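Just so we're clear, the structure is a prediction, and the values are computed from it rather than from any experiment. The sequence lines fix the lettering, A, B, ..., with proteins before strands; numbering per chain opens at 1.
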2 protein chains.
Amino acid sequence: MDFSGEYTTFKREELMQKVQMHMSERRFKHVLGVEETAIALAAKYGASEEKASIAALTHDYAKERPNEEFEMIILRDGYDQDLLNYGNAIWHGLVGASMVQRELGINDEEILEAIRLHTTGGAKMSLLDKIIYVADYIEPGRDFPGVKEARELALVDLDEAVAYETKHTLQHLIEKEQKIYPKTIETYNYWVVGKAAQINP
Amino acid sequence: MDFSGEYTTFKREELMQKVQMHMSERRFKHVLGVEETAIALAAKYGASEEKASIAALTHDYAKERPNEEFEMIILRDGYDQDLLNYGNAIWHGLVGASMVQRELGINDEEILEAIRLHTTGGAKMSLLDKIIYVADYIEPGRDFPGVKEARELALVDLDEAVAYETKHTLQHLIEKEQKIYPKTIETYNYWVVGKAAQINP
């Protein structure tokens, strides 16, 4: 895919290199899998394939940064200080988007928001947000019980795939007794329990 | 059990009658089961058996009130308006405590807080809060997979019983795709994931 120059001054190969420099080979392979999947979903659901490519390539850009760097940014840049109670799993998207913006010069708000939400999702998600959230879950390198069903859903109904991913991610976190970020519950209440239930509890 | 008159002007039999008037026979039987269990836990863990009795007898006092009454109180009395997005399951404790206070004249803050938290728990829970939360889950009338283990834990370690109940309640809600109140996640993050993880994510 050739980039138009509208969202980043880098060519795709250059952006790939920038990203690759910041992560293990294994993670970079995951990133390329997410990109491939995100582009396919964008084509299917009528989103910008270029934005899907850029957001996918950069979604884990900050994943291997040290905790101290995230903590410094959270303290400095007006984030909710409750974020300090979480860790890399939450920070690399929510805070990592600011590193993508500052260091890679990507200023498109839709791309940045898709990076922010790629782990937790949100009650409000754009088409691009959903594509990155789901692509991260079902890219070809993923292998866990249920991934086949998630892939099938993603081809039929993206919202159902968001719901499936959210429910199963939550179940996995609880099974493993891992911390849950409150925004994940917003995502669950909206996409799994449903919009009707939001209005008529 | 005879009441001292310190927390309510009613005798136990009078309080039981007041409560019974507001609910089905089936629910009143549950209330008596919670009371019996709460008194036993209070005796075991060194809490006031009288407070345990009063909190248990009144914890579901508001459970059969109409939604409209809760909504009116939430709108009027300075509650977080996000509460309107939930339903009776959350309201009957969190908001019901104010009905217990107003209508039954129970002003003891520790009792009222135990009523407020009996469904969702909280990161901060007093001994009485834990007793009512757990007693509600394991009273003799309860019958669900895991209740035996919960009863055994409650006799050994009340905090472990709080954690067990919280984890399994969340799993049940997600399995049934029912709405989750954010405070339940605070309870989970604190009591299931643990205090160490709170500090060092």
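Considering OH of B/Tyr188 and CG of A/Leu170, their distance stands at 8.5 Å, rounded to 0.5 Å. Remark: B/Glu177 CD to A/Trp191 CH2 distance equals 14.5 Å, nearest 0.5 Å. The line from CG of B/Asn189 to OH of A/Tyr86 is 4.5 Å long, rounded to the nearest 0.5 Å.
Nearest heavy atom pair, residue A/Gln171 against residue B/Glu175, reads NE2-OE1, 3.2 Å.
Pairs of residues two or more places apart, or lying in two chains, that qualify as salt bridge (charged side-chain N to carboxylate O under 4.0 Å, His left out) and include a residue from residues 93-110 of chain B are B/Lys51-B/Asp108, B/Lys51-B/Glu110, B/Arg65-B/Glu103, B/Asp77-B/Arg102, B/Glu109-B/Arg116.
No more than 12 heavy-atom neighbours from other residues, nucleotides or ligands sit within 6.0 angstrom of CZ on A/Arg26. Dense packing is recorded around CD of B/Gln81, with more than 12 heavy atoms of other residues, nucleotides or ligands lying under 6.0 Å away. Dense packing is recorded around CD of B/Glu69, with more than 12 heavy atoms of other residues, nucleotides or ligands lying under 6.0 Å away.
Among A/Ile180, A/Thr184, A/Ile185, A/Val193, the single residue meeting the side chain to side chain contact (heavy atoms under 4.5 Å, CB included) criterion with B/Ile180 is A/Ile185.
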